[in-house]
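As structure tokens, the structure follows; a few thoughts come after it.
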Amino acid sequence: MMTDSNYAARYWHTLPDGRMQCDLCPRDCKLHEGQRGACFVRMRQGEQMILTTYGRSSGFCIDPIEKKPLNQFYPGSSVLSFGTAGCNLACKFCQNWDISKSRDMDRLMDQASPQSIAAQAARYGCKSVAFTYNDPVIFAEYAMDTADACHALGVKTVAVTAGYIHAQPRREFFAKMDAANVDLKAFTDDFYFQLTGSHLQPVLDTLIYLKHETQVWFEITTLLIPGRNDSDEELGALAGWVAKELGPDVPLHFSAFHPDHKMRDVPATPPTTLVRARGIALQAGLHYVYTGNVHNTEGDTTFCPVCHVPLIVRDWYEIKSYRLTADGGCPACGASLAGRFDAAAGHFGRQRIPVAIG
């Protein structure tokens with residue numbers, strides 16, 4: 001069934017002309033013998049498709065869960081994070097481009113079975129394992145097997161993803177996930193097509209699916225790029241759609257862009273843009289709106305959606321104050337806080353600890 005680089009992948013069918021179509025994501029790559037999909041890691045080999053990165057990672061690190069970012073999924077806890085290589089999008093602004101656009105499989109030096117990842121996460125006291133750095137959609141089989149191993153040991157699972165995936169694999173993939181952060185990169189199809197090589201609607205479909213057909217806790221991140229997706233009109237449309245289609249309790253993170261990859265000529269996002277975006281989203285009715293990649297205590301803080309007292313105060317990734325009742329409510333007014341919470345916050349703080357998985 002598998003060696004590290006010869007895992008028989010799912011989600012494909014043979015076309016009448018003999019080509020093999022990948023059915024994992026909306027790219028629908030059609031492959032001749034030996035060809036790889038746009039993600040570069042799913043390849044036709046004879047009459048099967050293989051996942052070339054199964055069991056191979058670009059590295060493992062223990063992070064604060066807030067770095068994913070997930071602010072309302074066991075705050076202060078630690079998460080064992082890892083990724084592989086490749087991506088099914090082609091974002092010109094990618095800030096992990098050295099991993100996500102890598103075609104050098106030899107860089108994937110860390111080899112680890114799903115069981116060894118789960119065991120190490122449990123050993124280090126991690127609340128969860130995150131599939132991140134590059135999009136786990138493209139290594140779905142590896143992520144799902146790892147999720148099964150994690151759940152067997154009581155470790156939760158997190159997907160950090162752009163949500164660009166077809167309906168059938170989406171059902172199977174998210175059935176294995178406890179939480180997700182989904183990149184909603186913009187709110188126009190022009191942006192998606194021109195700057196990511198993909199389309200907006202499949203991402204919206206994933207978000208609607210997560211909200212209405214799963215129990216996955218999810219939060220949304222939008223990286224604001226000056227002049228590209230940061231107008232008042234677009235921000236209002238995005239926040240209004242989230243409020244209407246997903247509800248006011250889905251947290252939305254606005255994150256700051258810094259010049260990278262193929263957009264080094266675009267200036268970094270000023271903090272004032274994030275503050276403005278947060279205000280627009282709050283005005284649209286969202287209860288939990290955060291700012292990222294900048295130091296902004298108010299934008300890091302979780303407020304009660306009813307009486308607006310600060311309930312979880314953060315300084316970057318460190319929990320400074322945690323005022324929730326045992327059942328995850330506001331002690332001032334009794335309102336429930338949306339999310340997944342323990343009676344006390346974790347104390348992992350701002351650490352980042354690289355680890356080896358054998």
Side-chain angles (χ1 to χ4, degrees), residues 66-72 75 91-95 160 162-163 181-196 200 203-204 207 218-261 263-318 320 337-339:
E66 286 82 5
K67 195 171 184 178
K68 298 304 100 187
L70 287 170
N71 279 4
Q72 292 168 229
C91 299
K92 294 180 179 180
F93 50 88
C94 182
Q95 300 186 344
V160 181
N181 185 284
V182 179
D183 285 335
L184 179 53
K185 296 177 182 293
F187 206 64
T188 67
D189 197 62
D190 282 348
F191 179 103
Y192 264 86
F193 183 72
Q194 294 173 11
L195 296 184
T196 77
L200 171 62
V203 182
L204 301 183
L207 290 168
F218 69 100
E219 304 183 18
I220 297 170
T221 296
T222 300
L223 182 76
L224 296 183
I225 304 175
R228 304 303 198 276
N229 64 349
D230 63 344
S231 70
D232 286 2
E233 180 182 18
E234 182 168 345
L235 294 171
L238 185 154
W241 182 89
V242 172
K244 179 182 177 183
E245 301 294 338
L246 308 179
D249 284 338
V250 173
L252 176 59
H253 301 252
F254 290 115
S255 187
F257 164 88
H258 62 260
D260 215 333
H261 196 32
M263 295 184 67
R264 297 179 186 272
D265 58 334
V266 178
T269 310
T272 53
T273 295
L274 302 182
V275 173
R276 173 172 57 85
R278 181 172 181 270
I280 290 170
L282 290 171
Q283 188 65 35
L286 298 184
H287 291 160
Y288 312 107
V289 187
Y290 300 101
T291 57
N293 291 350
V294 295
H295 191 214
N296 178 3
T297 301
E298 182 170 350
D300 287 339
T301 295
T302 304
F303 295 88
C304 174
V306 176
C307 71
H308 308 296
V309 300
L311 297 178
I312 307 171
V313 179
R314 301 174 181 86
D315 183 8
W316 288 108
Y317 305 123
E318 190 170 350
K320 292 296 187 180
L337 194 67

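Start at 1 with the first residue, then count along the sequence. As the structure is a computational prediction, the values presented were derived from the model and not from experiment.
- Closest heavy-atom contact between Pro259 and Pro267: CG-C, 4.3 Å.
- His258 contributes atom NE2, which lies 8.5 Å from atom CZ of Arg264 (distance to the nearest 0.5 angstrom).
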side-chain contact (heavy atoms from CB on, under 4.5 Å) assessment of Lys185 paired with Thr222 | CA-CA 5 Å; Lys185 296 177 182 293; Thr222 300; over 6 Å; no

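- Atom-to-atom distance recorded for Arg228:CZ and Thr269:OG1 is 11.0 Å, nearest 0.5 angstrom.
- Side-chain N/O atoms of Tyr290 and Thr301 include no donor and acceptor closer than 3.5 Å.
- Looking only at side-chain heavy atoms (C-beta outward), Phe257 and Asn293 stay at 4.5 Å or farther from each other.
- Here the straight-line distance linking atom CG of Leu311 with atom CD of Gln72 works out to 9.5 Å at 0.5 Å rounding.
- Side-chain atoms of Asp232 and Arg276, non-hydrogen and from C-beta on, do get closer than 4.5 Å to each other.
- Of the possible donor and acceptor atoms, one in the side chain of Asp189 sits under 3.5 Å from a partner among the backbone N and O of Leu200.
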For Thr221 and Asp183, run side-chain hydrogen bond (donor to acceptor under 3.5 Å, both in side chains): C-alpha distance rounded to whole Å, both residues' side-chain angles, the deciding distance at 0.1 Å, then the answer.
-> CA-CA 5 Å; Thr221 296; Asp183 285 335; 4.6 Å; no

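- For the side-chain contact (heavy atoms from CB on, under 4.5 Å) test with Phe254, the passing option among Val294, Leu224, Val275 is Leu224; the others fail.
- Residues Ala277 and Leu235 approach most closely at CB-CD1, 3.7 Å, considering heavy atoms.
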Audit row: Thr273, Asp230, side-chain hydrogen bond (donor to acceptor under 3.5 Å, both in side chains) steps and yes/no = CA-CA 8 Å; Thr273 295; Asp230 63 344; 4.5 Å; no

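- Separation of the His308 and Phe303 ring centroids does not fall under the 6.0 Å cut-off.
- Salt bridge annotation for Glu318-Lys320: present, with a cationic side-chain nitrogen under 4.0 angstrom from a carboxylate oxygen.
- The aromatic ring centres of Phe191 and Phe93 sit less than 6.0 Å apart.
- Residues Leu337 and Asp249 form no side-chain contact, since every pair of their non-hydrogen atoms from C-beta on lies 4.5 Å or further apart.
- The shortest distance between side-chain heavy atoms of Thr291 and His253 does not fall below 4.5 Å.
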Verdict with supporting geometry, Leu252 and Arg278, side-chain contact (heavy atoms from CB on, under 4.5 Å) = CA-CA 9 Å; Leu252 176 59; Arg278 181 172 181 270; over 6 Å; no

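- Counting heavy atoms from C-beta outward, Val242 and Leu207 have side chains that stay 4.5 Å or more apart.
- Of the inter-residue distances, the one linking Leu195 atom CG with Cys91 atom SG reads 8.5 Å to the nearest 0.5 angstrom.
- Smallest separation of non-hydrogen atoms from Ala284 and Gly240: CB-N, 4.2 Å.
- Relative orientation of the Trp316 and His295 rings is parallel, given thresholds of 30° and 60° on the angle between their planes.
- Taking both residues in full, the closest heavy atoms of Gly285 and Pro248 are given as O-CB, 3.3 Å, listed atom of the first, atom of the second, then distance.
- No more than 12 heavy atoms of other residues, nucleotides or ligands shown are found within 6.0 angstrom of CD on Gln283.
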Report the C-alpha separation of Arg314 and Ile312 in whole Å, then their side-chain angles, then the decisive distance to 0.1 Å, and conclude whether the side-chain contact (heavy atoms from CB on, under 4.5 Å) test is met.
-> CA-CA 6 Å; Arg314 301 174 181 86; Ile312 307 171; 3.6 Å; yes

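- In this structure, Pro69 and Glu219 have side chains that are not in contact, with every pair of non-hydrogen atoms separated by 4.5 Å or more.
- With hydrogens and angles ignored, the 3.5 Å screen pairs no side-chain donor or acceptor of Tyr288 with any backbone N or O of Asn71.
- The line from CD of Glu66 to OH of Tyr317 is 9.0 Å long, rounded to the nearest 0.5 Å.
- For the atom pair Asn229 CG and Leu184 CG, the distance stands at 9.5 Å (nearest 0.5 Å).
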Show your working on side-chain contact (heavy atoms from CB on, under 4.5 Å) between Val203 and Tyr192 and close with a plain yes or no.
-> CA-CA 10 Å; Val203 182; Tyr192 264 86; 3.8 Å; yes

